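This report concerns only the one structure given below.
Since the structure is predicted, the reported quantities are computational estimates derived from the model, not experimental observations.
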Amino acid sequence: MYYCDKCSVLSEGTHCLVCGAHNLRTVKEDDFCFVTEAEEFFSKMFIESLKNEGIDCVSTPVGNGVRSALGLSLGGYRIYVPYRNYDAASEMLAFFANEESFENTLKEDILNNIDKWHFESGSTEKKIRKKYDLGKEVNVIAFIKERVQQAQSIEDVGLMSDGEHGLRVKSGNVTVWFSGESFKISI
């Protein structure tokens, strides 16, 4: 296997398919190799999973310069791992690429961060009570937790106006939105 020092990509031949460089060198175990480029929310989950498996990784931000001018993150990351971990990282990426696995990962992430859940505004809880006809005795957070546990679909719908990823949870006739980074709840 050959390695491009400029692009950090692997190649079966001595020619880089990304930048066109010739005479690539043989890859070394410690060379950090490009695995994927992904949006911020997925990247953070993937990086956390790599770390949980004891796989070193490096990420570099990529994205739209306009977002940077507004003080927001660039919106995505390129992720690299040492060559010795490249196959394991690629297998993990394939697992995450499976839609059902990704939905389960989103569900776990939302439920594991229940202590961070908060309402978008003071009126959000009231809107949820009214929209879903919940009495004053009903704990709205418990209601939402149950909906997340029973969700038919959870999807990352991209960036919202506040620059965070929107997660749409659909469970029966209930749809709840979470901000993927701060776990702000809205409807």
Side-chain angles (χ1 to χ4, degrees), residues 1-19 21 24-64 67 72-117 145 148-160 163-171 176-184:
M1 191 62 69
Y2 295 94
Y3 181 77
C4 178
D5 285 309
K6 181 178 178 185
C7 303
S8 300
V9 297
L10 296 172
S11 175
E12 291 184 8
T14 59
H15 175 80
C16 179
L17 299 174
V18 176
C19 72
L24 303 180
R25 65 176 175 79
T26 302
V27 67
K28 298 175 187 168
E29 290 291 306
D30 291 334
D31 286 332
F32 274 82
C33 302
F34 174 78
V35 177
T36 189
E37 179 177 318
E39 290 187 15
E40 185 172 14
F41 185 74
F42 177 83
S43 295
K44 287 181 178 182
M45 286 195 326
F46 185 57
I47 290 167
E48 185 68 27
S49 295
L50 290 170
K51 290 179 181 178
N52 288 341
E53 293 297 318
I55 297 175
D56 291 331
C57 65
V58 172
S59 62
T60 58
V62 295
N64 186 329
R67 292 181 50 80
L72 303 171
S73 72
L74 290 177
Y77 290 93
R78 288 189 179 118
I79 301 171
Y80 304 84
V81 299
Y83 177 65
R84 68 179 170 276
N85 300 121
Y86 183 81
D87 289 337
S90 295
E91 286 177 21
M92 289 178 67
L93 182 61
F95 173 79
F96 275 105
N98 175 317
E99 186 177 325
E100 185 176 330
S101 298
F102 185 60
E103 273 195 28
N104 288 337
T105 301
L106 290 175
K107 182 185 287 189
E108 287 175 25
D109 192 44
I110 292 169
L111 292 171
N112 288 338
N113 286 287
I114 195 168
D115 58 316
K116 296 178 184 174
W117 292 12
K145 179 181 177 186
V148 171
Q149 291 170 329
Q150 298 175 2
Q152 282 86 33
S153 71
I154 301 176
E155 43 188 328
D156 180 349
V157 294
L159 295 177
M160 300 188 312
E164 294 190 47
H165 276 264
L167 303 177
R168 181 175 49 213
V169 177
K170 290 185 177 182
S171 180
V176 179
W177 294 80
F178 283 87
S179 169
E181 288 80 18
S182 67
F183 298 94
K184 175 177 56 185

Pick one: which of L10, L24, V9 meets side-chain contact (heavy atoms from CB on, under 4.5 Å) with Y3? L10

Do you know which two heavy atoms are closest between C7 and F34, and how far apart they sit? O-CB, 4.4 Å

Please list all pairs meeting salt bridge (charged side-chain N to carboxylate O under 4.0 Å, His left out) that have one or both residues in residues 45-54, counting only residues at least two apart or in different chains. none

Are N85 and M92 side-chain neighbours, meaning at least one heavy-atom pair lies under 4.5 Å? no

Atom pair CZ (F178) and CG (L106), whose distance is rounded to the nearest 0.5 Å: 11.5 Å

Heavy-atom check, side chain of C4 versus side chain of V18, under 4.5 Å: no

Heavy-atom check, side chain of S59 versus side chain of R78, under 4.5 Å: no

Has E12 got more than 12 heavy atoms of other residues, nucleotides or ligands less than 6.0 Å from its CD? no

Can you sort out the partners of E108 under salt bridge (Lys or Arg N to Asp or Glu O under 4.0 Å), two or more places apart, ordered by chain and number? none

Can a donor-acceptor pair be found, under 3.5 Å and without considering hydrogens, that links the side chain of S43 to the backbone of A38? yes

Quick one: are Y86 and V27 in side-chain contact, heavy atoms under 4.5 Å? no

Kindly give the heavy-atom pair with the smallest separation between C16 and C19, and that separation in Å. SG-N, 3.4 Å

Which atoms form the tightest heavy-atom contact between P82 and F32, and what is the distance? CD-CE2, 3.5 Å

Can you give me the closest heavy-atom contact between I79 and I47, atom names plus distance? CD1-CG1, 3.9 Å

May I ask you to test the Y80-T60 pair for a side-chain heavy-atom distance under 4.5 Å? yes

Gap separating the CG atom of D115 from the CG atom of N113, nearest 0.5 angstrom: 6.0 Å

First locate atom CH2 of W177, then atom CG of L167, and finally report the distance between them rounded to the nearest 0.5 Å. 9.5 Å

Rounded at 0.5 Å granularity, tell me how far CG in L111 sits from NZ in K145. 7.0 Å

Got more than 12 heavy atoms from elsewhere within 6.0 Å of OH, Y2? no

In this structure, CD1 of I154 is separated from CG of D109 (nearest 0.5 Å) by 10.0 Å

Side chain to side chain contact (heavy atoms under 4.5 Å, CB included) evaluation trace for S171 with Q152: CA-CA 5 Å; S171 180; Q152 282 86 33; 4.2 Å; yes

Go through the steps for W117 and V148 under the test side chain to side chain contact (heavy atoms under 4.5 Å, CB included), then give the verdict. CA-CA 12 Å; W117 292 12; V148 171; 4.2 Å; yes

Q149 backbone acceptor or donor facing K107 side chain under 3.5 Å: yes

Which heavy atom of A89 sits nearest a heavy atom of F46, and at what distance? O-CZ, 3.6 Å

Return the set of residues passing salt bridge (Lys or Arg N to Asp or Glu O under 4.0 Å) with R25 (not counting sequence neighbours), or none when no residue passes. D5, D31

Considering non-hydrogen atoms only, spot the tightest contact between F183 and I110 and give its length. CE2-CA, 3.9 Å

